Structures are given as structure tokens and as C-alpha cells.
Protein chains: 2
Amino acid sequence: MVVYAGQGDPRRSIELLWRGSVTEHRPGPKPGLSVDAIVDAGIAVADEQGLAFSMRAVGERLGHTAMALYTYVPGKNELVDLMYDRTMAELPTSYPLDDGWRPAVTRWAHDMWECYGRHPWVLQVSQARPVLGPHEFAVTEALAAILVSTGLPGRQLRGIVGAINYFVRGAAQTIAEARAAGGATGEADEEWWYARSAVLLEIEPDLAKKFPMLHLLEQDREPVDPSLPYLENDALENFRNGLRVLLDGIEGAVAKP
Amino acid sequence: MVVYAGQGDPRRSIELLWRGSVTEHRPGPKPGLSVDAIVDAGIAVADEQGLAFSMRAVGERLGHTAMALYTYVPGKNELVDLMYDRTMAELPTSYPLDDGWRPAVTRWAHDMWECYGRHPWVLQVSQARPVLGPHEFAVTEALAAILVSTGLPGRQLRGIVGAINYFVRGAAQTIAEARAAGGATGEADEEWWYARSAVLLEIEPDLAKKFPMLHLLEQDREPVDPSLPYLENDALENFRNGLRVLLDGIEGAVAKP
DNA sequence: GTTGATTCTTTATGCCGTAAAGTATCGGAC
DNA sequence: GTCCGATACTTTACGGCATAAAGAATCAAC
């Protein structure tokens, strides 16, 4: 299931996301943890195990129990929100426009793609309800800054920003989850794929005849980067070609009316 | 967390997906259930509760215990695979090309968008590892059939098929999860949104100055369909405008070399 | 009538997030 | 210096989940 962003107390969540340095504290034992440390540990655990990580795992990585985290963070959902926004802090907040908007958007998309590759669990955090954290804002601001330079009206730019986001996210998901699922069962993704399609061909031998267009689509293949495995090659090729088409569409809109 | 497709025994999964009518049975009590009935019940429950539905809920809807399901289906993951493929059966398997590829793709995208709207949980099923069911194949075959008529080479079409899929999926997710999250907390999404952004503006009053381009992007708004709530209006506008840009990009590729 | 395959229920295991209650540690007030 | 109350953290416990294991009921074939 997907973890929805921000179902807890809105004030508490937003304060955690936007907080400055914070909190001198008066009485009581000195804190052995901090929100920052917990968020870092959470990211590390999620990088290994995905969003299905447990609070116990995060606590243990910090030498404490799961319940210790609840002193700093209201619950797992809010922790995921914080992890998400922290991850977005890895990305640049502006891109040079010297060569125009197109190379800048391309770089933005590649940076985003790589960030998703480093932290695949981010793709499982709902993007519908924005986490509304500062770094998420900054990332979108960076893309918006590039696109505003096209001179297109806001109405059209909103659709474009969405399209780029969806595309990068989707393309990244294809590859990230392929890797993750292989890891989950202990199989390499290649093996998984071959096992499935072998069985499929055995049960449904005339697959190519039943779905001729899909079969046609699979023709005309050559490895983009021979050092990469099959599925990643595929994903990379689709990412580049798809992005090119999308950018062509934007170019058309800029050129026209 | 996301439910990954097909982690069980590949042979069993694929047989379930592609099985014909199946199974006379010899001794033992007559089955009170069937795979079909379970899949239907699963879809009904998931439509209400999302992918976090429990096997108990599905069993009870059929007047049985959770464990009864395991006679027919290896586990929850496989059930979700079956539900996914069954849902894809709602979509047309071909589109007329009388007016060319562009209106056909537009209709495909709208049908898909609406199907996601009816069954939002589908958006949470991993799309990385295709479920490899017959109806999923058929849906993609339909899109491929349209796009092959452009005459573009497979290399390029694969990226385009991906881009369209990702875009529709992403756009549908934005709206579907907005609705779902509202339902989860019992708030309407409008209220949720206003509560969050009110707190945000209170804590960070000069938001518009910190992210000027985002602020600029939000200008130039007018409701597409006044009968719809705010967020849905937004999503619909972005869907239409984004799709237009994407199709323009394809048109450019068709016209050019 | 008996055997054995099949359906379904019962029970139990081991996860999960987190509520509640208890313990230890400290700063400030007196 | 002593005590109060807030804070940090642990322990224990609860209800929920998927599903393994074992048992009860049902029927066809011999």
C-alpha cells in the first residue's frame, strides 16, 4: 500500500518540515537522538528495504527501541514525509539557462531520475498530496524557473510541469521496481523476467500472433549501453526517447502562438 | 507500501491469469467459491478501501473466512495481480483510426484515466514488472496498434508508449489519491488542503517570495468545469493540457524525418 | 463402507504500528 | 541540598495483518 503524506496533525507536521534549528530544552535527561538523526537512519533503512521498513529497524540502527522515535516524530507517516523532503534536498535548486530551457530541463530530468534511482522508496510516497516541505518546493521551483523562461502562460506550464514530473517518475519507477522486485525474491531481474516469459510462452505459444502490434514494437532493438543489463538498457532508451518527444512538444508550444 | 506483482511461483501465477474455464473436480465437497468470485469481491473491497484491504474483508464479503481464499489463490499478491488484469478487461481492445491516430490516442488516454478513477487502487500496483495478464496485454496492444499507424520506428514508439502510460498514470494518481486521502481521514480534500496551506502560510508567511516561480505558475487560473471541486478542476486541466503537449511532440516526430 | 482427495474452519505464529505505563535523568525553585 | 516536574527512553501490551498447520466436514470412486 502507498503511504499517504501528512495524515497527522497538520501543524505538527509542517513545523517539523520547516523548523529552524529549534529547541533548547529545560529539564530532563539529555536527548540521545534527534529528528535529523532519525530521518537519516530512516533513509538508510528505506534505501535497503523499501517503504516497508519498520520503526523497529530504524530504532535499532540508532541503538534504541522503536518507541524512542515517537519522542521526536509523531508516527511513521510523518517520518516518511520528513525522509521524502530530506531526499529532495539532494537536488540542485537552480539550473543555468545559458543554452536555453531545453538542456536545462533535460538536466533537471536526469538529476531527478538519478535521485529516484538512489532512493527508490521515494517513488512509493504518494505524490498526490504534496508533502509541502521546503526542499520539495525548491525542486519544483527549479523546474518552474526553467520553464517560465519559455514565456508560456501559467495555464499551459502547469500541465507541462505535471507531464515532466509524471514522465520522470514513471520512467524511474519502471527501472527501480524492476531492481527492487529482483532483490525481494533474491532473483536477479533478468532471471525473473526470463522465468516468467518462458512459462508464458509455454502456456500461450502463439503470443506474438495474438498481440501482433506489441510484437512489432519489440523489433528494432540495439543496446544503448552494452555494459548495462537488458532491462536497464530498455529503461534508459525509453527514458531518453520519451523525454525527447515530450520536449519536442514543449518546443512546438513555444514556437507556435 | 507497494504490492509487487508476481513474486510467487511464476507457473501458478501465469496459469491463473491465462487459465481457460478449468477444473472439473473429482472427490470432496463442492466448491462454494471460485477464483472469479474472489477476484470480483477483491475488486469491490479494494474500490472501497484501497490496496490495504485485508483478506478477511474479501472472505467475509463472500460469507467465508480469510483462509478459504487460499484454496483458490496462492496469496494476496497473486490475488492483486488477478484483480489488476480483470480491471484492464473493462477497457476497449481497439480504437477506430478513421480520423487518424491523434483522436484515437486521446480516447485511449481518457478511457484509461476513467478506469483509474473507478479503481484507484490499480495505480498502486507496481507497473514495473508487468503482471503479464491477457487483458493488460490487450490494453497495451490497443495503444500500440494506434501508434504503429504513425509509421514511426519501434525504437521511438517504445519511448512514446511509455510516456503516454506514465503521463496518464501520473495524472490519474494526482486526482485519485487526493480523493482517497481525504476519505482516509474523513476530511474532504478541499478542507485538508486549506488546513495544510493555512498552517503553512502561518509558519512561512513569505512563501510567495521564497518561491516566486511557483507563485507565478499559479496565476492565470479559470475553472474548466465549475461543477467540479477545486482540486479536480486542476487535475483535469493539467491532464488535458499535458496530453496536448505530449501529442504535439509525437506529431512533430511523425512530421519530421 | 471405506478410502482419500478436496473444501473450509480453527488455531497459532510472527510480524507490524503504536498506546499506556513505568523508570531513569536532569534543570530549576526553594 | 532537596525535591518537583518535565523530559527521554524502555517495557509491556493490544489489535491488526498475512498465512502456516492442523483438524473437521464432505463427497466420488472403488
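Each chain gets a letter, A, B and so on, in the order its sequence line appears, and its residues count up from 1. Just so it is clear, the structure is predicted and the values come from calculations on it, not from any experiment.
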### Summary of protein contacts for nucleotides 12-22 of chain D, nucleotide by nucleotide, where a base hit scores B, a sugar-phosphate-only hit scores S (4.0 Å, heavy atoms)
-----BSBBB-
### Task
Inspect the contact between A:D36 and A:R19 and indicate whether a charged nitrogen and a carboxylate oxygen are less than 4.0 angstrom apart.
yes
### Query
Within the structure, does a side-chain N or O atom of B:T65 lie under 4.0 Å from either OP1 or OP2 of C:dT9?
yes
### Audit row: B:M88, B:M112, side chain to side chain contact (heavy atoms under 4.5 Å, CB included) steps and yes/no
CA-CA 9 Å; B:M88 292 300 115; B:M112 201 74 188; 3.9 Å; yes
### Query
Are side-chain heavy atoms of A:C115 and A:V139 found at a separation under 4.5 Å?
no
#### Entry: Minimal non-hydrogen separation, B:A52 against B:K76, with atom names
C-NZ, 4.2 Å
### Query
Where each residue is assigned the nucleotide of DNA chain C containing its nearest heavy atom, which of B:G63 and B:G28 is assigned the position nearer the 5′ end?
B:G28
### Pair B:T71-B:L33, side chain to side chain contact (heavy atoms under 4.5 Å, CB included): steps then yes or no
CA-CA 9 Å; B:T71 306; B:L33 290 175; over 6 Å; no
### Query
Parallel, tilted or perpendicular: which describes the rings of A:F239 and A:F167, with under 30° parallel and over 60° perpendicular?
parallel
### Task
State, to the nearest 10°, the angle formed by the axis through the first five base pairs of the helix from C:dG1-D:dC30 to C:dC30-D:dG1 and the axis through its last five.
20°
### Query
Does the pair B:F137 and A:L200 meet the rule for a side chain to side chain contact (heavy atoms under 4.5 Å, CB included), with working shown?
CA-CA 12 Å; B:F137 269 57; A:L200 182 55; 3.9 Å; yes
### Message
Quick one, B:R12 and B:E78 - any side-chain contact, counting heavy atoms below 4.5 Å?
### Response
no
### Given B:H135, B:H119, B:E114, the one that forms side chain to side chain contact (heavy atoms under 4.5 Å, CB included) with B:E90
B:H119
#### Entry: Test log, rule side chain to side chain contact (heavy atoms under 4.5 Å, CB included), inputs A:E202 and B:R11
CA-CA 10 Å; A:E202 181 190 324; B:R11 164 155 279 106; 2.6 Å; yes
### Query
Going by number, which of residues 29-49 of chain B have a non-hydrogen atom under 4.0 Å from DNA chain D?
B:P29
